[in-house]
Amino acid sequence: MVTLKAGGPYGSQSTRFECVGALEECKALAHLDLSSNELGAEGAGRLAEVLKGCKALAHLGLRYNQIGAEGAGRLGE
């Protein structure tokens with residue numbers, strides 16, 4: 001099981017998007033916590049695309065972000 005916890009809004013929004021993009025290489029990732037990262041609808045959309053390849057993911061933590069209804073809908077697709 002691989003776990004990644006990246007809490008807190010560190011760096012710029014583009015830096016956070018780069019980190020989300022790096023998740024594409026984490027096929028064994030089972031637990032991902034991105035709480036408190038100021039992710040909005042756009043970030044949730046990017047995350048949704050990346051997570052399609054993370055078949056082992058069993059837990060996704062997104063507390064204290066600003067994803068909203070639009071971002072939640074994109075994650076639910």
Side-chain angles (χ1 to χ4, degrees):
M1 174 161 89
V2 177
T3 299
L4 174 62
K5 180 173 181 170
Y10 304 110
S12 65
Q13 184 176 20
S14 63
T15 301
R16 289 191 294 274
F17 285 160
E18 289 174 20
C19 291
V20 166
L23 293 173
E24 291 177 315
E25 304 302 320
C26 298
K27 305 297 183 200
L29 186 64
H31 184 102
L32 177 60
D33 187 348
L34 295 174
S35 297
S36 302
N37 273 284
E38 298 180 0
L39 291 175
E42 183 181 0
R46 287 184 175 212
L47 182 61
E49 289 300 315
V50 169
L51 293 181
K52 288 179 182 178
C54 297
K55 304 297 183 194
L57 190 65
H59 173 83
L60 176 61
L62 294 172
R63 296 182 334 165
Y64 309 116
N65 284 291
Q66 294 82 37
I67 292 171
E70 178 186 348
R74 294 174 80 178
L75 283 167
E77 293 177 351

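For clarity, every value in this text was computed on a predicted model and none was experimentally measured. Basis for what follows: all heavy atoms, side chains included, without hydrogens, waters or symmetry-related copies.
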Q: Indicate, with yes or no, if L39 and Y64 share a hydrophobic cluster defined by side-chain heavy-atom contacts under 4.5 Å among Ile, Leu, Val, Met, Phe, Trp and Tyr.
A: no
Q: Could you tell me the separation between the CG atom of L62 and the CG atom of D33, rounded to the nearest 0.5 Å?
A: 8.0 Å
Q. In Å and rounded to the nearest 0.5 Å, what is the CG to CZ distance from N37 to R63?
A. 12.5 Å
**Q.** Distance, nearest 0.5 Å, that separates CZ of R46 from CG of L51
**A.** 13.5 Å
**Q.** Rounded distance (nearest 0.5 Å) linking atom CG of L34 with atom CD1 of I67
**A.** 8.5 Å
**Q.** Point-to-point distance, once rounded to the nearest 0.5 Å, from CD of E49 to CZ of R74
**A.** 7.5 Å
Q | From CD (Q66) to CD (E42), nearest 0.5 Å | A | 13.5 Å
